[in-house]
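All values derive from a computational prediction rather than experimental measurement.
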Amino acid sequence: MDWTNKIGTVVCIVLVMMLSSCSVSYKFNGASIDYTKTKTIQINDFPIRSSYVWSPMGPMFNNELKDIYSRSTRLSQVKRNGDLKIEGEITQYQQRNKSVSSEGYSAQTELSMTVNVRFTNNVNHAEDFEKSFTASQSYETTQSLQSVQEELVTLMVKDICDQIFNATVANW
């Protein structure tokens, strides 16, 4: 009986040591980059080419786009000659009536933003593209645009940057 307890104790200790030494790590950011071939990314600032402009929008977009690649990849950002190159412009920023109340007045307004992107993959030019990405947010017409603009633009910028990231390096 004493012998059986010792064997059971040893087996338990070995199992605990084996289980605690194993670990599995997953990364769910969606990036599928071959880092042996692709090491750098060049992200040019996107100028605003829209007729309607909110000045903080440009820096917000440019910073978020660079940040998403910094947070989600191991690519080094360079000023020129990157293995991957992202450039383009903010082509549209507009608001329009989305719904009408029973009195015939606008009840909701939709704010939208469109960005044109040119992506060049200098490692595999078959993945190059030029494409527009759009995001929109709605707000009640009882609110002024100035009171909701920063929040809505922040949401649209994040949405568009996620779309660009997925189109360029996620390969879903």
Side-chain angles (χ1 to χ4, degrees), residues 25-33 35 38 40-80 82-122 126-172:
S25 175
Y26 292 101
K27 198 167 188 182
F28 292 106
N29 65 17
S32 59
I33 301 168
Y35 290 106
T38 307
T40 60
I41 186 167
Q42 173 186 338
I43 304 173
N44 294 347
D45 282 344
F46 283 52
I48 300 174
R49 302 271 190 252
S50 173
S51 56
Y52 180 64
V53 176
W54 183 58
S55 58
M57 180 175 58
M60 286 172 72
F61 176 80
N62 291 316
N63 291 335
E64 178 63 25
L65 187 61
K66 292 172 184 173
D67 287 350
I68 195 170
Y69 286 90
S70 292
R71 285 190 311 263
S72 304
T73 71
R74 292 183 290 155
L75 297 171
S76 298
Q77 293 188 24
V78 295
K79 295 284 185 194
R80 59 180 175 263
D83 296 327
L84 305 178
K85 181 179 179 182
I86 300 173
E87 59 187 339
E89 50 279 329
I90 299 170
T91 57
Q92 187 177 22
Y93 180 64
Q94 67 178 10
Q95 59 180 339
R96 66 179 181 84
N97 291 335
K98 185 175 179 181
S99 65
V100 179
S101 68
S102 60
E103 293 86 30
Y105 297 105
S106 175
Q108 274 196 326
T109 302
E110 182 178 76
L111 189 64
S112 67
M113 178 179 173
T114 301
V115 177
N116 186 57
V117 175
R118 289 177 298 283
F119 174 69
T120 306
N121 184 334
N122 290 314
E127 295 181 358
D128 294 358
F129 66 81
E130 182 168 358
K131 183 178 176 184
S132 289
F133 298 90
T134 300
S136 61
Q137 292 288 322
S138 298
Y139 65 98
E140 298 298 318
T141 306
T142 56
Q143 299 174 298
S144 71
L145 176 60
Q146 289 75 26
S147 68
V148 296
Q149 189 164 225
E150 184 174 356
E151 177 187 354
L152 299 181
V153 170
T154 300
L155 293 170
M156 290 187 300
V157 162
K158 181 169 180 6
D159 184 3
I160 291 174
C161 289
D162 286 344
Q163 291 177 50
I164 294 168
F165 181 84
N166 288 334
T168 56
V169 298
N171 297 328
W172 285 86

Tell me, do [X] and [Y] make a side-chain contact under 4.5 Å, heavy atoms counted?
X	Y	answer
Gln95	Tyr52	yes
Leu84	Val169	yes
Asn44	Gln42	yes
Thr168	Tyr69	yes

Next item on the list: Determine the sole option in Val78, Ile41, Thr40 for which the side-chain contact (heavy atoms from CB on, under 4.5 Å) test with Asp83 is passed.
Entry: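 Of Val78, Ile41, Thr40, side-chain contact (heavy atoms from CB on, under 4.5 Å) with Asp83 is met by Thr40 alone.
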Notebook entry, point to check: Can you name the one residue among Glu150, Glu151, Lys158 that meets side-chain contact (heavy atoms from CB on, under 4.5 Å) with Thr154?
Noted result: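 Looking at Glu150, Glu151, Lys158, the match for Thr154 under the side-chain contact (heavy atoms from CB on, under 4.5 Å) is Glu150.
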Output yes when a side-chain donor or acceptor of [X] lies under 3.5 Å from a complementary backbone atom of [Y], and no otherwise.
X	Y	answer
Asn166	Asp162	yes
Asp128	Asn121	yes
Asn62	Phe46	yes
Ser50	Tyr93	yes
Glu130	Asn116	no
Thr109	Tyr139	no
Thr141	Gln108	yes
Gln77	Lys66	yes

Note to self: Quick one about Ser112 and Gln92 (side-chain donor to acceptor, distance below 3.5 Å, no hydrogens or angles considered), yes or no?
What the structure shows: no
Notebook entry, point to check: How about Thr114 and Thr134: does a side-chain donor come under 3.5 Å of a side-chain acceptor?
Noted result: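 A pair is found: one side chain offers a donor N or O, the other an acceptor, under 3.5 Å apart.
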Note to self: With side-chain contact (heavy atoms from CB on, under 4.5 Å) as the criterion, how do Thr73 and Tyr35 come out once you've worked through the C-alpha distance, each side chain's angles and the decisive distance to 0.1 Å?
What the structure shows: CA-CA 9 Å; Thr73 71; Tyr35 290 106; 3.4 Å; yes
How far does [atom1] of [X] sit from [atom2] of [Y], to the nearest 0.5 angstrom?
X	Y	atom1	atom2	answer
Leu65	Ile43	CG	CD1	5.0 Å
Arg74	Ile33	CZ	CD1	8.5 Å
Asp159	Glu64	CG	CD	11.0 Å
Asp45	Phe61	CG	CZ	10.0 Å
Met57	Met156	CE	CE	7.5 Å

Check: Phe165 and Arg71: side-chain contact (heavy atoms from CB on, under 4.5 Å), yes or no, with the steps?
Finding: CA-CA 11 Å; Phe165 181 84; Arg71 285 190 311 263; over 6 Å; no
Note to self: Between Glu89 and Arg118, does any NZ, NE, NH1 or NH2 come within less than 4.0 Å of an OD or OE carboxylate oxygen?
What the structure shows: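 Yes, this pair counts.
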